[in-house]
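Sequence lines set the chain letters: A, B, ... in the order given, protein chains first and strands last, and positions in each chain run from 1.
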Number of protein chains: 2
Amino acid sequence: MYWTLVASSPGVTLEIGRGRACRMGVEPGTWSAREGHERERQDMKRQSEEGAGKALGETVGDEIRRLLVDGELVPGQRLSESALGERLGVSRNTLREAFRSLAHEGLVTHRPHRGVFVTTPSLASLIDIYRLRRFIECRALRDAWPGHPAVRRMREAVDQARASREREDWGAVGTHNMAFHAAIVALADSERLDTFYRQLSAELRLAFSGVADPQWLHAPYVEMNQRVLTIFEAGDVDAAATLLEQYLSQSERTVLAAYARDGGPDA
Amino acid sequence: MYWTLVASSPGVTLEIGRGRACRMGVEPGTWSAREGHERERQDMKRQSEEGAGKALGETVGDEIRRLLVDGELVPGQRLSESALGERLGVSRNTLREAFRSLAHEGLVTHRPHRGVFVTTPSLASLIDIYRLRRFIECRALRDAWPGHPAVRRMREAVDQARASREREDWGAVGTHNMAFHAAIVALADSERLDTFYRQLSAELRLAFSGVADPQWLHAPYVEMNQRVLTIFEAGDVDAAATLLEQYLSQSERTVLAAYARDGGPDA
DNA sequence: TTGGATATTATTGTTCAACAATAACGGTGG
DNA sequence: CCACCGTTATTGTTGAACAATAATATCCAA
């Protein structure tokens, strides 16, 4: 059966329905690397080929996100369109599209005619982010259903953080700690809230990247996460939420102090 | 005083400091209209000239946002790059950059190789949005300081909504009602939360646009806003928050019913 | 007629080259 | 030290071109 297509106001068309299924045959096109950074450039292409229907622009965005959390790009850095485009093997236009997404997430800051810069979190940003974390996480924990699937994610995050601490892999400890909090937010069962929280995390991570001493930033909280989880699983959600709030306030003080010392305005 | 520029890893440069101020002389370039939609095209250009350093791409995004809230673009519509670009007088590349921002806000949905569509809010989205509204607004109201400047915005929104109701301008009633709720969120004094809520509002507005009968969607809530405000100003924040929660739940039921009737899957 | 495979077409994805516009830089002269 | 011009590198934007793909139309056989 076929449905008809109804045109409307100029510049737009209204899709009513669609026809039958279609074939999916794909023949990967050849791609020639030129000079320098060939590995990364091929990675981009391959990822885009394997990724199910994802546009190259989005793949580039993911790659830049990775460079950010890996600390290869540090706050304050200017991202030159031509140079970064060359490095990633994409054109300026494609890169600019990726920049727009990243700017919307707050990871980079777009200053017209001046360029795109890795966002330097301000003291006000940190305070704002921590206020929101208390706002969101505590409420999510308090209202949670103890049997929620995300509880399992909380448990896994704590275990993995502990394992990473044994290996003294402080970066991984930070990652798993953050996963613990993301799981708390997931208790609220809101897709939009999860997305929002992911942005907050990414921005917070930027602030961490400037701190000289990641061990003290992450290690102490493994046990605190464990305690929150234990109390929560015991069924005393109010106590768990209260503890979480104290915990977040303490974390905030630590981060603010470290920021003032290492990652301040003189990045 | 001049600071030096320090280069780092390939593809990026690190800006340490900057030189002196610079002149701002601007000579507006000529721009030739060709055929059709000349008014809109010139509007874009003029706005971009007047706007302080805003890139044309962002101006285009704002324009599309306007078309969306004005109902000129309805959910489900496909936005052709060439046609819409022609209509707005911008190139495809510029338009695509604007699309990326809009997609990130959830206003449009990007389906690779298929095009950009005005987002059709699902039932699940509406439920999610309303849950978040209760989550955010009630807490913001409960924790608010009664002397907060946003209280004045709440009052103004109620007054303007009432005035618009007299004129039977239901679209404006909806706008001011939403401004009332945005003001409530502003009580929390969080820049990020405000941005997030703005997105939720925009998405909700999309859902409204498909509803046939805007009067019943907006008119009843003018008085409820008034009551919430009165109780809040009287100092009983808990009662105000409780009333707001009931109010939001009722609104949700109304919207869901209207959605199921008018704006359902058969858009 | 039905169903499935193949060709066609319109659109998106991406690159490239070119130019306009601008901010930063360097110098000059007071 | 400051204000006033050129220079220059970068971003902003365009248009054309081509590749890649989804949707459509065509065809052929059962």
*asked:* Under the rule for side chain to side chain donor-acceptor pair (under 3.5 Å), what residues qualify as partners of B:Thr109, not counting sequence neighbours?
replied: B:Thr119
*asked:* Rounded to whole Å, how long is the line connecting atom CG of A:Leu88 with atom P of C:dT15?
replied: 11 Å
*Can you list the steps and then say if A:Arg96 with A:Ser91 is a side chain to side chain donor-acceptor pair (under 3.5 Å)?*
CA-CA 9 Å; A:Arg96 284 172 64 88; A:Ser91 73; over 6 Å; no
*Not counting sequence neighbours, which residues clear side chain to side chain donor-acceptor pair (under 3.5 Å) with A:Glu105? List them please.*
A:Arg65, B:His104
*Closer than 4.0 Å, any side-chain N/O of B:His110 to the OP1 or OP2 of C:dG13?*
yes
*Going by modelled atom types, is there a donor-acceptor pair between the base of C:dT14 and the side chain of B:Arg92 at under 3.5 Å?*
yes
Return the polar atom pairs (N/O with N/O) between nucleotides 8-10 of chain D and the protein under 3.5 Å, or none.
from, atom 1, to, atom 2, distance (Å)
D:dT10, O3', A:Arg78, NH1, 3.1

*Report the residues that fulfil salt bridge (Lys or Arg N to Asp or Glu O under 4.0 Å) with B:Asp189, sequence neighbours left out, ordered by chain and then residue number.*
none
*asked:* Pick the closest DNA chain D nucleotide for B:Leu95 and for A:Val116 by heavy atoms, then say which residue is nearer the 5' end.
replied: A:Val116
*Rounded to whole angstrom units, what separation is found between the CD atom of A:Glu97 and the P atom of D:dT14?*
14 Å
*Distance in angstrom units between B:Asn93 CG and C:dT14 P, rounded*: 11 Å
_Nearest whole Å is fine: how far is D:dT13 P from B:Arg96 CZ?_
16 Å
*Using the test side-chain contact (heavy atoms from CB on, under 4.5 Å), find all partners of B:Ala186 that sit at least two apart in sequence or belong to another chain.*
B:Ala150, B:Arg153, B:Asp194
_Between P of D:dA16 and CD of B:Glu86, the distance in whole Å_ = 11 Å
*In whole Å, what is the span from the CG atom of B:Leu84 to the P atom of C:dT12?*
10 Å
*Tell me: CZ of B:Phe99 to P of C:dT14, nearest whole Å?*
15 Å
_For A:His176, give me all partners under ring-ring contact (aromatic ring centres under 6.0 Å, His included), at least two apart in sequence or on another chain._
none
